[in-house]
Amino acid sequence: MSLAIPKHLENAPILYLDGVSVSFDGFKALNNLSLCIEPGEMRAIIGPNGAGKTTMMDVITGKTRPDTGTVLFNHKELNELDLTQYDEAEVANLGVGRKFQKPSVIETLTVFENLELAQKGGRGVWQALMHTLTNEKKQKIQNTLELIALQDKAQDLAANLSHGQKQWLEIGMLISQEPELLLIDEPAAGMTDEETMKTAELFKTLAKNHSLVVVEHDMDFIAALDCKVTVLNEGSVLAEGSLASVQKNQQVIDVYLGR
Amino acid sequence: MSTLHNTSENPKALKLGPIGTLLMGDKGGQRLIMALIAVAIIFPFCNLVFSEGSFLHVSTYTLTLTGKYLCYALLALSVDLIWGYCGILSLGHGAFFALGGYAMGMYLMRQIGDRGVYGNAELPDFMVFLDWKELPWYWFGFDQFWFASIMVLVVPGILAFVFGWLAFRSRVTGVYLSIITQALTYALMLAFFRNDMGFGGNNGLTDFKDILGFDLQSNTTRCALFIASALAVILGYLISRFITTSKLGRVLVSIRDAEMRTRFLGYKVEYYKLFVFVVSAMMAGVAGALYVPQVGIINPGEFTPIYSIEIIIWVAIGGRGTLFGAVIGAIAVNYAKTYFTGAFAELWLFMLGGLFVMATLYLPKGIVGFIEDAKQGNGTSNRFYLLFKNTPFSKWFSKQSSKGSV
Ligand SMILES: Nc1ncnc2c1ncn2[C@@H]1O[C@H](COP(=O)(O)OP(=O)(O)O)[C@@H](O)[C@H]1O
Ligand SMILES: [Mg+2]
């Protein structure tokens with residue numbers, strides 16, 4: 001409780017990383033990283049390859065245990081849960097959704113089935129065995145299909161989608177999980193310019209009732225998101241602020257933007 | 001009837017009943033079950049009704065042999081459930097089969113009573129021979145059929161649970177998992193070879209007399225066991241089908257193809273694996289329990305690691321991840337085995353290896369996948385099919401050959 005964010009504060013951050021370090025065979029992928037995301041905030045994370053962006057998401061989602069530091073998660077009923085104490089599935093069920101750098105949908109299932117699996121609730125073995133798709137759930141999946149423009153592909157195997165469509169399906173799966181906090185790793189990779197801009201629009205819509213952390217290299221995309229930017233380098237925060245301000249930062253230009 | 005239609009959400013499902021719904025759109029499964037029912041009626045009928053000289057007579061030998069293969073089919077089903085649908089390549093499933101067999105064997109042993117060589121009403125012969133004075137505690141209850149039947153499920157189930165709990169929670173997967181399953185069956189084999197284990201050592205359990213009071217040598221008992229085996233395969237198929245067509249089945253597929261992703265969707269992968277592994281082990285146990293009274297013996301040889309690998313070959317040849325392919329594979333390979341080990345025994349292992357390599361290279365989806373691809377005329381992905389491309393034979397495999405889709 002020593003790290004307590006005072007509960008009486010109205011806007012306790014939804015996510016609070018404090019002094020997180022991770023090393024792989026002596027190499028420090030995250031080095032005393034601290035980061036604070038407000039509820040309802042959208043945050044863009046940029047930084048050179050190997051800066052530790054993906055590792056940061058691994059730590060938040062329970063895939064990698066940090067050597068030191070805490071990751072606190074707050075929302076509504078849940079207060080100051082240290083996410084480092086939970087495994088991947090538990091973190092997901094607490095309300096943290098994640099999209100991977102590589103599109104990872106279940107290729108041997110149909111688009112519809114992918115969304116069905118992602119749909120919130122029924123994670124227990126028995127519940128899954130006895131699961132029936134109510135009309136309400138079907139309608140929800142239908143709505144998601146429309147949102148990600150895949151309604152014509154509902155019965156196609158996910159393997160047969162284009163790269164961009166897979167990215168969208170994965171975003172649709174993320175939405176179906178109804179998380180509070182979304183962690184999105186390089187969503188625009190492999191998308192056309194048009195798809196990229198559509199994705200930015202979608203995220204801005206999502207930001208109205210979710211908190212989002214978006215990792216991306218595409219500066220036009222970041223600009224379209226129009227949100228606070230954090231620059232990571234060598235496992236810690238190099239700069240933070242508006243896109244315009246970090247773009248002027250000499251250190252940022254040196255390690256990242258200038259190259 | 002019309003009121004039914006009005007009140008039900010899905011009148012079609014209602015009319016078909018639960019089994020019909022399970023098999024909806026499952027042509028292979030429908031045919032398989034039809035065939036099993038037919039065999040379960042015709043074989044015993046022809047065995048009991050037509051006399052030995054008759055053209056229509058099915059010999060007790062053939063009946064028992066086929067009954068044995070039906071047990072193998074159930075075993076193959078259990079392996080396909082975990083390997084085909086959840087990617088768990090167990091190379092130790094023979095252990096669960098053997099344990100189910102031993103549980104049944106213990107019952108059959110106690111049924112012998114004082115008709116053994118030593119005439120001891122309480123102790124099986126091998127215990128008298130070892131100069132044991134009383135029945136070990138773990139033999140208690142096995143004089144009751146109901147108790148033995150429960151143990152047929154419970155013993156493999158508990159072993160699978162403990163093993164799976166340790167392995168899946170520590171996230172042992174792939175080759176490592178396969179190797180420790182081999183170690184499991186090997187360790188059990190060594191243990192069961194020991195006389196002081198109390199399971200008859202290397203002789204195992206044998207010389208059975210009757211089951212539920214019916215003589216095991218009589219044709220009618222043989223027929224009943226045969227029918228029970230066919231019904232067990234049908235039931236096993238329906239259970240597997242129920243699991244794989246549920247949302248749980250799609251979670252399993254998702255674990256098979258993208259385990260990490262499944263975790264991030266909020267599914268506790270280890271629990272799902274544990275569930276299906278335990279169900280599968282119980283199915284294997286039932287297969288073993290039906291096998292033992294038909295072959296008349298169970299010994300530690302059943303734990304031999306190579307047997308567990310053979311099961312994988314049956315499933316691969318039949319078609320992994322289809323359920324009915326596993327049944328076809330088990331029966332086809334074992335008929336071939338019986339024929340070839342009769343004709344040229346020493347070559348069989350090479351043939352089996354060859355078959356496996358052929359299946360992997362040319363029939364990646366097994367017999368079942370090959371037939372399906374060929375029917376849909378999309379055999380282009382199938383290298384065996386390519387052998388026949390642009391020959392008159394290609395017509396055999398294609399429904400829409402006139403459209404020239406290939
Ligand atoms: N499991 C791992 N084992 C060893 N090194 C790793 C592992 N994961 C990441 N790294 C290393 O940590 C550094 C940070 O990687 P990553 O977080 O993927 O960077 P980014 O996503 O910012 O490009 C890289 O140098 C990478 O090679
Ligand atoms: Mg990365």
Side-chain angles (χ1 to χ4, degrees), chain A residues 57-58 60-64 86-100 102-110 112-135 137-138 157-159 170 173-174 176-179 182-183 185, chain B residues 8-10 13-14 18 21-22 25 81 84-87 161 164-165 168-171 238-279 320-322 365 369 378 381:
Chain A
M57 293 198 168
D58 287 346
I60 299 170
T61 53
K63 185 174 181 228
T64 302
Y86 297 91
D87 73 13
E88 299 93 332
E90 287 159 349
V91 171
N93 291 329
L94 287 172
V96 181
R98 175 172 184 183
K99 194 206 153 299
F100 289 82
K102 251 180 32 197
S104 58
V105 295
I106 317 301
E107 306 231 322
T108 43
L109 296 178
T110 66
F112 187 92
E113 288 169 337
N114 269 277
L115 292 171
E116 184 200 15
L117 273 195
Q119 194 164 50
K120 187 182 173 148
R123 258 45 177 175
V125 172
W126 192 252
Q127 286 167 310
L129 187 62
M130 294 302 164
H131 175 86
T132 48
L133 203 54
T134 59
N135 283 337
K137 285 178 183 161
K138 258 186 222 162
L157 286 185
E170 202 177 352
M173 291 166 74
L174 201 53
S176 303
Q177 281 178 261
E178 300 183 27
L182 285 79
L183 306 175
D185 207 350
Chain B
S8 113
E9 255 184 55
N10 188 350
L14 238 182
T21 320
L22 266 187
L81 187 60
Y85 289 86
C86 196
F161 186 86
W165 181 263
F168 301 142
R169 266 175 51 104
S170 13
R171 302 195 177 180
L238 292 176
I239 291 173
S240 304
R241 181 86 189 148
F242 179 73
I243 291 173
T244 55
T245 54
S246 72
K247 184 179 139 188
L248 189 146
R250 295 189 280 284
V251 177
L252 296 182
V253 166
S254 164
I255 292 171
R256 181 191 71 191
D257 294 343
E259 178 164 334
M260 258 305 158
R261 185 75 184 95
T262 316
R263 291 184 195 275
F264 285 108
L265 283 175
Y267 293 98
K268 283 268 201 182
V269 164
E270 48 275 29
Y271 296 166
Y272 282 81
K273 284 186 175 175
L274 200 53
F275 170 79
V276 75
F277 195 63
V278 169
V279 170
R320 176 189 170 197
T322 59
K365 291 187 266 173
N378 60 0
S381 59

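The sequence lines fix the lettering, A, B, ..., with proteins before strands; numbering per chain opens at 1.
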Bottom line for A:L109: the part with an atom under 4.5 Å from chain B's heavy atoms is side chain

Ranking A:G124, A:G62, A:S176 by heavy-atom pairs under 4.5 Å to chain B gives rank one to A:G124

Assess whether salt bridge (Lys or Arg N to Asp or Glu O under 4.0 Å) is satisfied between A:E170 and B:R261, documenting all intermediate values.
CA-CA 11 Å; A:E170 202 177 352; B:R261 185 75 184 95; 3.5 Å; yes

From the list A:A118, A:G97, A:G122, the residue making the most non-hydrogen contacts under 4.5 Å with chain B is A:G122

Nearest heavy-atom contact between A:R123 and B:Y272 is O-OH, 2.7 Å

Heavy-atom distance under 4.5 Å between the side chains of B:L265 and A:Q177, does that happen here?
-> yes

B:R320 meets the side-chain hydrogen bond (donor to acceptor under 3.5 Å, both in side chains) criterion, sequence neighbours left out, with none

With a 3.5 Å distance limit and no angle check, can you tell me whether B:R263 reaches the backbone of A:E88 through a side-chain donor-acceptor pair? no

Among A:A92, A:P179, A:A89, the residue with the most heavy-atom pairs under 4.5 Å to chain B is A:A89

Applying a strict 4.5 Å limit to non-hydrogen atoms, the region of A:N114 in contact with chain B is neither

Here the pair of heavy atoms bringing A:T61 nearest to B:F264 is OG1-CE2, 3.3 Å

To the nearest 0.5 Å, atom CG of A:D87 lies from atom CZ of B:R171 at 6.0 Å

Can you give the donor-acceptor pairs under 3.5 Å from side chains of residues 251-258 of chain B to other protein atoms, not counting sequence neighbours?
residue: B:S254; atom: OG; partner: B:T262; partner atom: OG1; Å: 2.7
residue: B:R256; atom: NH1; partner: B:G84; partner atom: O; Å: 2.6
residue: B:D257; atom: OD2; partner: A:T108; partner atom: OG1; Å: 2.2

Here the gap from B:K268 atom NZ to A:E90 atom CD, rounded to the nearest 0.5 Å, amounts to 3.5 Å

Turns out that what part of A:Q127 lies under 4.5 Å from chain B's heavy atoms comes down to neither

